[in-house]
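Working notes, structure below.
Below, each value reflects all heavy atoms present in this structure, side chains not excepted, and no hydrogens, waters or symmetry copies.
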Amino acid sequence: MQHLFLIDGSGFIFRAYHALPPLTRSDGTPTNAVSGFTSMLMKLVEDNTADHIAVIFDAGRRTFRNDLYPEYKAHRPPAPEDLIPQFPLIRQAVQALNVACVEMEGFEADDLIATYTRQAREKGMKVTIVSSDKDLMQLVTDGVELWDAMKNKAINRDGVIEKFGVPPEKVVDVQALAGDSADNVPGVPGIGIKTAAQLIEDYGDLDTLLARAGEIKQPKRRQTLLDNAEAARISRQLVTLRDDVPGVQPLETFAKALPEIDTLSAFLEEMEFRRLLVTVRGRHQAAVSEPMQATTALDAGKALTVGGSRSGQTVTATAPAATAYELVQDADSLRRWVAAAHSAGVVAIDTETTGLDPMTATLVGISLATAPGHACYIPLRHVSPQDQGDLLGGAPGAPTQIPVAEAAGLLRDLLTDRSVLKVGHNIKYDLHILAREGLTVTPLDDTMVMSYVLDGASHGHGMDELARLHFDHDTIKFEDVCGKGKTQITFDRVPLDKALAYAAEDADITLRLHHYLKARLFNERMLTVYETLDRPMVSLLFDMEEAGIRADAAALLALSEDFAARMTDLEAEIRTLAGEEFNVASPKQLGEILFDRMGLKGGKKSAKTGAWSTDAEVLETLAAEGHALPARVLDWRALQKLKSTYTDALIKQINPRTGRVHTSFAQTITTTGRLSSSDPNLQNIPIRTEEGRKIRRAFVAAPGHVLISADYSQVELRLVAHVADIAALKQAFHDGQDIHAITAAQVFGVPVDGMDPMLRRRAKAINFGIIYGISAFGLARQLGISNGEAKGFIDAYFARFPEIKAYMERTKAEARDNGYVLTPLGRKCFIPEIQGKNPAMRAFAERAAINAPIQGGAADIIKKAMAALPAALHEAGLSARMLLQVHDELVFEAPETEADATATVVKRVMEQAAILSVPLIAETGTATSWAEAH
DNA sequence: TCACTCACG
DNA sequence: GACGTACGTGAGTGAG
């Protein structure tokens with residue numbers, strides 16, 4: 001399929017101009033925009049896969065839109081003084097790069113882009129519009145996407161929905177309502193993008209909405225819409241792009257051509273762009289002196305530019321001429337692959353299994369890759385595709401396979417050879433699978449974790465997504481091989497040819513990702529974070545998951561039954577109080593009973609669905625007013641939660657083979673570097689209520705053993721004191737004082753001795769607020785006080801600890817400048833919405849930015865402690881096993897006789913994990929159950 | 001699949 | 001001046 005690139009020239013110019021400091025040629029001509037524009041365009045021309053490319057400019061200020069609405073773009077300030085002389089030079093740059101260049105009087109660049117996009121689509125071409133201008137988002141459709149060249153990010157249909165809340169075909173309707181202050185499109189006053197999207201969502205389109213505006217519930221909004229219907233219609237005309245601009249230069253003239261080296265050099269020389277000149281000459285030299293690098297179907301001829309300032313070097317995936325995937329069905333072939341891995345020193349490995357749960361899935365086959373494009377698949381437990389299938393093998397029609405035990409034997413030494421690095425994508429999963437075949441694997445690299453260290457939660461880290469993102473390659477999907485839904489088959493029933501293509505590709509991609517990500521870790525200075533914090537977690541988390549924690553099924557069952565009985569009683573009572581049958585578990589039905597039928601006041605409706613809110617806050621207010629029904633519902637809900645989420649669910653999660661619960665720790669999910677736990681989540685086991693604690697009591701040590709819980713004391717507040725460098729707070733921690741009492745004394749001006757507990761409680765809430773990026777609203781809600789009072793507390797806090805204000809401003813600026821903030825140990829936490837236009841979203845992002853170094857810093861510290869602990873315990877001759885991590889707490893299981901010694905080592909290692917300007921304190925507890933140890 | 005609710009740090 | 005809020009997660013339920 002042919003591929004057209006349309007570059008929004010004006011957008012490019014302004015971004016280049018604002019991104020770069022003022023630069024001038026030796027004759028004084030300003031050149032910063034020319035320089036930025038030229039290097040962006042060069043990069044685009046070199047990197048992309050286009051066969052047609054053009055830059056589109058605006059021709060003049062007046063267009064047909066000014067006839068529709070004279071005020072259109074009337075408030076635009078003129079271009080900056082030092083940009084004006086650069087416009088003609090930029091057109092020269094386009095010519096020097098041998099790229100087509102189009103503009104037309106009376107039309108905006110956007111209209112030309114719309115016109116060419118339509119023409120290209122009619123010819124079946126794919127289109128990429130290089131711009132992040134929201135006005136162009138209406139053009140996105142199948143085969144048409146926007147490309148944000150600064151962020152290196154594609155904006156597809158989903159991206160448009162994220163921005164506008166509606167799909168591309170409805171964007172003009174939303175813009176018509178919301179208007180645009182930059183372009184002076186009026187829209188309807190008081191309606192922004194969010195409201196507009198909601199209205200269009202509700203009514204389908206603008207015309208229907210305007211026709212039915214009388215039905216809108218909110219009186220004020222109804223009236224403004226009725227009053228401004230005409231403005232909305234004109235606005236829509238203004239924002240709708242013309243895709244029928246007549247007499248445009250034909251698309252065929254955009255065919256991509258290489259730049260003339262002499263013309264380009266002359267231009268760069270004239271502009272005095274020495275760095276670009278060197279680059280261009282260097283490339284030219286390389287191209288004439290060396291034959292083309294042979295490449296594979298994957299990543300054909302495409303150079304991967306590796307980011308970072310250290311070298312700016314280009315990493316190209318080197319590969320043989322074609323992908324050669326081999327099916328390995330006999331021992332000799334496998335021996336050859338093992339030898340190849342030994343000589344390569346690095347091998348990518350992936351397992352195929354019968355399921356997704358690492359503790360129960362069974363190995364079906366293994367794939368290996370030893371060089372890009374050079375991969376194999378070793379089927380081990382495939383059955384014939386028609387077979388009803390068990391895992392015994394040897395059934396009629398089962399394919400030829402190396403016996404599993406023999407294959408394991410051939411691989412064993414390779415997998416533990418210290419001179420051969422084993423690379424996997426989410427290799428923790430494969431470790432579980434291989435462990436059940438008696439195989440251990442070391443040393444390790446994990447490309448999923450490497451990707452997370454580099455790009456955080458800015459995108460997902462699945463292999464399919466990374467292949468698409470970095471190699472522009474579409475992998476074979478699991479669903480393509482196994483189907484989905486009811487007809488899905490397990491991998492052991494997949495025919496070997498399809499299994500080979502799928503499985504070998506996964507290993508191949510993993511190896512290529514490893515090459516690419518390793519270079520990026522170095523160039524972007526993230527190698528230390530990866531090596532010291534995240535890489536050691538891979539095998540450690542594997543050990544923890546494999547260990548599991550013992551759960552007392554009988555105790556859980558007894559709790560379940562107790563909860564069930566009490567819920568039945570409550571249900572009867574609730575129905576009597578309500579005077580009718582209803583589903584207590586349905587917030588919708590409950591809301592209708594409380595507020596519509598019983599007519600209680602004080603209800604809130606949700607913004608999204610207009611349903612009555614019945615959350616704990618609402619019900620507690622009603623209960624405090626003396627209403628019995630909401631009070632009973634609260635009791636019922638508490639029991640329902642404990643039973644369904646915990647007791648019932650945990651019983652099901654006890655592994656029959658081990659009698660223990662094996663959670664799964666995710667290492668690449670959170671925005672701050674924390675871990676997360678699922679299947680089941682063991683990081684949210686109840687503790688705050690007595691009933692909940694009973695569940696924690698069911699987590700117990702094996703016979704003859706104890707559980708040791710060790711948790712950091714006030715770790716996040718200590719990090720606040722450290723990163724914000726708050727002298728008074730640091731002193732208080734050094735002196736080992738009660739930090740909330742000290743805060744109260746400072747903020748409220750009272751002595752610590754004989755302090756009103758209420759004041760300490762308030763100070764504690766303020767301290768939490770600081771960690772969360774405080775707002776008066778949030779603090780007021782937490783404490784049940786007025787916004788004004790809360791603001792007073794915050795001002796008093798800032799006055800007493802002025803450093804905190806500076807930290808907050810500094811951190812917000814850091815996020816705005818970079819799109820991420822750094823933890824004290826150097827982890828990047830990405831805050832993409834910080835540049836957002838919506839003030840609420842931006843405020844949200846700012847609070848997240850303030851919180852991230854604190855929460856993330858604490859996560860880094862406990863990771864350092866975890867990484868150091870196995871060796872420390874081993875050296876002390878102790879056999880304790882780490883079982884759980886709950887953000888600031890570690891849980892161990894140790895022989896009773898080693899309890900004290902283990903607690904001592906754990907405490908020491910945790911406290912020494914990082915040297916901050918405040919001491920770190922860890923507290924330990926020992927008991928036979930988790931509840932008592934904590 | 002989404003919204004709501006609620007468990008944890 | 002409107003936006004709609006404390007930070008970070010995972011899971012169960014109802015409803016469409």
For [X], answer base if it contacts any base atom (sugar-phosphate contacts may also be present), sugar-phosphate if it contacts only those atoms, and nothing otherwise; contact means non-hydrogen atoms under 4.0 Å.
X: A:Gly769; answer: base
X: A:Ala765; answer: base
X: A:Pro839; answer: base
X: A:Ala611; answer: nothing
X: A:Asn681; answer: sugar-phosphate
X: A:Glu889; answer: nothing
X: A:Ala843; answer: nothing
X: A:Ala649; answer: sugar-phosphate
X: A:Phe844; answer: sugar-phosphate
X: A:Ile685; answer: sugar-phosphate
X: A:Ser676; answer: sugar-phosphate
X: A:Asp679; answer: sugar-phosphate

Thinking salt bridges, do [X] and [Y] make one under a 4.0 Å N-O criterion?
X: A:Glu592; Y: A:Arg597; result: no
X: A:Lys907; Y: A:Glu911; result: yes
X: A:Asp635; Y: A:Arg566; result: no
X: A:Asp860; Y: A:Lys863; result: no
X: A:Glu690; Y: A:Arg697; result: yes
X: A:Arg674; Y: A:Glu716; result: yes
X: A:Lys791; Y: A:Asp795; result: yes

Can you tell me how far [atom2] of [N] sits from [atom1] of [X], to the nearest Å?
X: A:Asp615; N: B:dA3; atom1: CG; atom2: C1'; result: 13 Å
X: A:Leu590; N: B:dT5; atom1: CG; atom2: P; result: 9 Å
X: A:Asp158; N: B:dT1; atom1: CG; atom2: C1'; result: 14 Å
X: A:Arg688; N: B:dG9; atom1: CZ; atom2: C1'; result: 7 Å
X: A:His887; N: B:dA7; atom1: NE2; atom2: P; result: 16 Å
X: A:Trp612; N: B:dT5; atom1: CH2; atom2: C1'; result: 18 Å
X: A:Gln683; N: B:dC6; atom1: CD; atom2: P; result: 21 Å

Requested in this report: Would you kindly compare A:Ala457 and A:Lys588 by the position of their nearest DNA chain C nucleotide and give the one closer to the 5′ end?
Outcome: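 Of the two residues, A:Ala457 wins.
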
Query - Residue met sooner reading DNA chain C from 5', once A:Thr195 and A:Tyr772 are mapped to nucleotides - result: A:Thr195

Sticking with atom [atom1], work out how far [N] lies from [M], rounded to a whole angstrom.
N: C:dG4; M: B:dA3; atom1: P; answer: 15 Å
N: B:dC4; M: C:dT5; atom1: P; answer: 11 Å
N: B:dC8; M: C:dC3; atom1: P; answer: 34 Å

Query raised in the report: Does A:Lys828 count as lying over the ring of A:Tyr820, i.e. NZ or CZ under 6.0 Å from the six-ring centre, within 45 degrees of the axis?
Result: yes

Query raised in the report: Using the ring of each side chain (for Trp, its six-membered ring), is A:Phe699 parallel, tilted or perpendicular to A:Trp930, with breaks at 30° and 60°?
Result: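 Because their plane-to-plane angle is over 60°, the rings of A:Phe699 and A:Trp930 count as perpendicular.
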
**Report entry** Short side-chain to backbone donor-acceptor contact, A:Gln589 and A:Asn583, under 3.5 Å
**Finding:** yes

**Report entry** Main-chain N/O of A:Gln835 paired with A:Arg816 side-chain donor or acceptor, under 3.5 Å
**Finding:**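 No, A:Arg816 side chain to A:Gln835 backbone: no donor-acceptor pair under 3.5 Å.
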
Requested in this report: Tell me yes or no: between the side chains of A:His934 and A:Asp711, is some donor less than 3.5 Å from an acceptor?
Outcome: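 No.
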
Query raised in the report: Does the pair A:Ile804 and A:Val720 meet the rule for a side-chain contact (heavy atoms from CB on, under 4.5 Å), with working shown?
Result: CA-CA 8 Å; A:Ile804 191 71; A:Val720 170; 3.8 Å; yes

Requested in this report: Please list, by residue number, the residues of residues 630-648 of chain A whose heavy atoms come closer than 4.0 Å to an atom of DNA chain B; answer none if no residue qualifies.
Outcome: A:Arg637, A:Lys641, A:Tyr646

Query - Sub-4.0 Å heavy-atom contacts from residues 830-838 of chain A onto DNA chain B, ordered by number - result: none

Query raised in the report: Mind checking whether A:Val886 and A:Ile685 have side chains closer than 4.5 Å, heavy atoms only?
Result: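 Answer no - side chains too far apart.
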
Query - For chain A, the stretch of DNA chain C it reaches, first to last nucleotide, under 4.0 Å of its heavy atoms - result: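 For DNA chain C, the relevant span reads C:dA2 to C:dG16.
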
Query - Partner nucleotide, any strand, of C:dT9 [Watson-Crick/G-U, under 3.5 Å] - result: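 Base-paired to B:dA7.
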
**Report entry** For C:dG16, the Watson-Crick or wobble counterpart (both distances under 3.5 Å)
**Finding:**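 Checking every strand shown, C:dG16 finds no partner, since no pair has both distances under 3.5 Å.
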
